[in-house]
Amino acid sequence: MMEVNAGPLPTSGSGLGPGLSSSSDNVRLCLELEFVQCLANPKYLQFLAQQQYFADPAFINYLKYLLYWRRPEYAKLIVYPYCLEMLDNLQHESFRNAVALEHTVHLIHTKEFFHWTHWRTNERAAILQQKESAGIHGDETVNGSGGDMELLSIDDLKAYLRGDAPAPDPDAMQQ
């Protein structure tokens with residue numbers, strides 16, 4: 001199907017990117033970054049499965065090679081971190097087979113959607129819990145830099161998450 005030249009990227013750096021020494025290495029990094037981030041799209045995964053890319057041993061080796069994107073110096077370049085979870089899942093033959101099915105693609109899409117829908121609420125709950133355990137009140141923040149937004153109390157947030165309170169009004173929370 002495809003021939004993959006996936007040798008290791010150079011380790012000596014020249015400011016082009018993590019460990020890159022030439023413009024061709026920089027182009028390669030950009031192309032691989034774009035491909036890895038495409039893996040966050042469940043429909044793209046389904047396309048790859050339906051086109052039999054996952055049946056090609058060279059492509060499977062390429063997916064293994066791309067695991068270097070999990071290293072911090074490369075992961076910081078990723079905009080869609082969910083792609084790393086999909087890259088990990090693609091290391092398993094059962095996932096590669098399942099992603100060809102529409103209901104699997106729908107399940108992945110739903111999981112991504114709800115992650116991004118509730119991520120901010122969950123992050124805010126964690127910040128409030130951290131503030132509560134540190135005994136911080138009012139405008140203070142956990143890192144001491146002062147707040148640019150007054151957060152809900154942990155009890156109000158818990159009530160909202162249980163469905164016992166209306167959704168918070170972001171405009172009312174601005175100082």
Side-chain angles (χ1 to χ4, degrees), residues 1-127 129-130 141-149 151 170:
M1 273 202 180
M2 70 182 272
E3 188 175 319
V4 178
N5 179 6
L9 288 170
T11 56
S12 62
S14 66
L16 294 171
L20 300 178
S21 60
S22 71
S23 62
S24 64
D25 289 334
N26 201 29
V27 169
R28 179 176 164 188
L29 179 86
C30 291
L31 290 172
E32 289 176 356
L33 173 61
E34 185 175 348
F35 175 75
V36 167
Q37 292 195 111
C38 285
L39 298 178
N41 182 338
K43 288 290 190 182
Y44 183 62
L45 296 177
Q46 184 181 37
F47 168 80
L48 292 174
Q50 291 173 345
Q51 298 300 312
Q52 301 298 310
Y53 281 91
F54 298 145
D56 183 0
F59 191 77
I60 302 306
N61 286 338
Y62 183 63
L63 292 173
K64 287 178 186 172
Y65 157 77
L66 290 173
L67 288 172
Y68 78 85
W69 283 99
R70 296 199 64 72
R71 296 194 336 232
E73 64 267 27
Y74 293 100
K76 69 182 179 183
L77 301 172
I78 291 178
V79 175
Y80 306 106
Y82 201 74
C83 68
L84 294 176
E85 182 177 341
M86 293 297 104
L87 182 59
D88 285 343
N89 290 337
L90 287 169
Q91 304 304 312
H92 305 284
E93 184 177 3
S94 59
F95 181 79
R96 293 191 303 264
N97 293 334
V99 80
L101 306 172
E102 187 62 38
H103 72 274
T104 303
V105 171
H106 180 71
L107 179 67
I108 294 169
H109 173 74
T110 302
K111 182 181 176 189
E112 284 183 15
F113 173 78
F114 282 110
H115 167 79
W116 290 111
T117 301
H118 299 291
W119 173 77
R120 186 176 178 116
T121 303
N122 293 340
E123 182 184 36
R124 179 168 288 176
I127 290 169
Q129 184 67 39
Q130 189 178 8
T141 61
V142 176
N143 65 10
S145 64
D148 50 312
M149 176 185 300
L151 298 177

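Residues take their numbers from the sequence shown, with the count starting at 1. Computed from heavy atoms alone, side chains included, the values below leave out hydrogens, waters and symmetry copies.
Note that the OH atom of Tyr68 and the CD atom of Glu32 stand 3.5 Å from one another [nearest 0.5 Å]. Note that CG of Leu87 is 4.5 Å distant from CG of Leu67, once rounded to the nearest 0.5 Å. Within the model, atoms CG of Leu45 and CD of Gln50 stand 11.0 Å from one another, a figure rounded to the nearest 0.5 Å. Distance check: Leu48 CG to Leu63 CG gives 8.0 Å after rounding to the nearest 0.5 Å.
The heavy-atom pair separating Cys83 from Ile78 by the smallest distance is SG-CG2, 3.7 Å. Shown here for Leu101 and Gln46, the closest heavy-atom pair between the two residues is C-NE2, 3.9 Å. Nearest heavy atoms, Tyr53 versus Phe47: CE1-CE2, 4.5 Å.
Among residues two or more places apart in sequence or in another chain, the side-chain contact (heavy atoms from CB on, under 4.5 Å) test is passed with Ala49 by Phe54, Val99, Ala100. Glu85 is linked by a side chain to side chain donor-acceptor pair (under 3.5 Å) to Lys111, counting only residues two or more places apart in sequence or in another chain. In this structure Asn97 satisfies the side chain to side chain donor-acceptor pair (under 3.5 Å) test with no other residue, sequence neighbours excluded.
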Under 3.5 Å, side-chain donor or acceptor atoms of residues 35-44 against the rest of the protein: list the pairs with distances, not counting sequence neighbours.
{"residue": "Gln37", "atom": "OE1", "partner": "Val79", "partner atom": "N", "Å": "2.5"}
{"residue": "Gln37", "atom": "OE1", "partner": "Tyr80", "partner atom": "N", "Å": "3.1"}
{"residue": "Asn41", "atom": "OD1", "partner": "Lys43", "partner atom": "N", "Å": "2.9"}
{"residue": "Asn41", "atom": "OD1", "partner": "Tyr44", "partner atom": "N", "Å": "3.4"}
{"residue": "Lys43", "atom": "NZ", "partner": "Glu102", "partner atom": "OE1", "Å": "3.4"}
{"residue": "Lys43", "atom": "NZ", "partner": "Glu102", "partner atom": "OE2", "Å": "3.0"}

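The salt bridge (Lys or Arg N to Asp or Glu O under 4.0 Å) contacts involving residues 86-101 comprise Arg70-Asp88, where partners must be two or more places apart or lie in separate chains.
Using a 4.5 Å cut-off on side-chain heavy atoms (C-beta onward), Leu29 and Asn26 make contact.
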For side-chain contact (heavy atoms from CB on, under 4.5 Å), just list the numbers for Tyr62 and Asp56, CA-CA rounded to whole Å, side-chain angles, deciding distance to a tenth of an Å, and then say yes or no. CA-CA 10 Å; Tyr62 183 63; Asp56 183 0; over 6 Å; no
